[in-house]
Amino acid sequence: MIDELNEKFLIPGFVKFADGINGLPKAIIEHSSGSSMELYLYAAHVTAWRSQDRGDILFMSKAADFKQGKAIRGGIPIIFPQFGNGELPAHGFARNRDWKCVSSKILDSGSVSIKLALSDSAETYAIWPFKFELIIEFVLDQDLTINISLNNKSTESFSFQIALHTYFKVGDIARTLISGLKGVTYLDKLAGNKEITEVRDNININKACDSVYLAAPDRIEILDQSLSRKIIIEKSYLNDAVVWNPWIENSASIKDLHEKAYQEMLCVESAIVQPKADLQSGATYKASQKISCQAL
Ligand code: TA6
């Protein structure tokens, strides 16, 4: 499988496929700025992204499972067509399916692009009776941009939720702030989805939080005072933003989170949660997220 993938998609010095954990195929992608990332075909899952100057920007649990049917704990899980619990399995099926690579290329800008695709199958159709093609382009330069393209191949419209469930690495959660959400209404999932208006300029995390910020601004920043860096999230057509940290009380029940992982991780997720998005038959939904990291 690796040989076939490299025959089709190898770009020497920029893209190569190799066996990842448990033999799952992964693409190792490098950019001339010195940044690099690892992308598993399974779940189209970015498991690492590091920049020349700032090191690892994503969190990966040391207890993560890398096996079929299980979501990988960390990096950037792709959540589709359902966010959270509901009629489908939690967070949908895109994060525990095999995707296929459709292209790799160097863009005119010098950025490195790789596209992975997931389409409906008998399995997915059995739980979500619609035909679709979801193509995600990962563009690496000194930043990481993810471009989403979802085509409705059904004869009828469907509604969906989608999220880039990004686990960011932080030096110390107690010295980390989130800015850009002041004035936004959020659903507090730990308080029965109570609607609350965010009053803080800078949000500190000192307990379990699981908040869905509705119609959130397209620019959100994570200020990491411990690592003296700022992570900038710029999203488009992903209306909502989810902020999650399980803290002590909820970490114990998450078996694939290593001890005290809550202290070094923070999820800020660009998403469509509420209302769901509707997509007409034959139509294509496009969205994107760029993450960058600078000195604080
Ligand atoms: O995005 C936050 C959230 O929906 C939390 O409620 C928590 O369940 C988290 O996702 C992780 O979900 P998972 O199914 O990966 O354990």
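One-based numbering, in listed order, for ligands and for the atoms of each. We number each residue from 1, following the sequence as shown.
- Side-chain atoms of Thr185 and Glu195 include no donor-acceptor pair closer than 3.5 Å.
- Shown here, atom 12 (O) of ligand 1 is in close reach of the protein: a heavy atom of it lies under 4.0 Å off.
- Side-chain contact between Gln161 and Ile79 is absent, with no heavy-atom pair separated by less than 4.5 Å.
- Nearest to atom 8 (O) of ligand 1 among the protein's heavy atoms is His91 NE2, 4.6 Å.
- Those atoms of ligand 1 that come under 4.0 Å of a heavy atom in Val242, given as number and element, are 1 (O).
- Ring orientation note: the planes of Tyr167 and Trp244 are nearly perpendicular, at an angle over 60° on the 30°/60° scale.
- Distance from atom 4 (O) of ligand 1 to its nearest protein heavy atom, with residue and atom name: Lys189 NZ, 3.1 Å.
- In terms of protein heavy atoms, atom 6 (O) of ligand 1 is closest to Asp210 OD2, 2.5 Å.
- Remark: aromatic rings of Phe66 and His45 are distant, center separation not under 6.0 Å.
- The Glu269 neighbourhood of ligand 1 comprises atoms 1 (O), 2 (C), with distances under 4.0 Å to a heavy atom of that residue.
- For atom 15 (O) of ligand 1, the choice among His165, Arg95, Lys70, Lys255 with the nearest heavy atom turns out to be Arg95.
- Aromatic pair Phe160/Phe130: centroids not less than 6.0 angstrom apart.
- Between Phe14 and His31, the ring center distance fails the sub-6.0 Å criterion.
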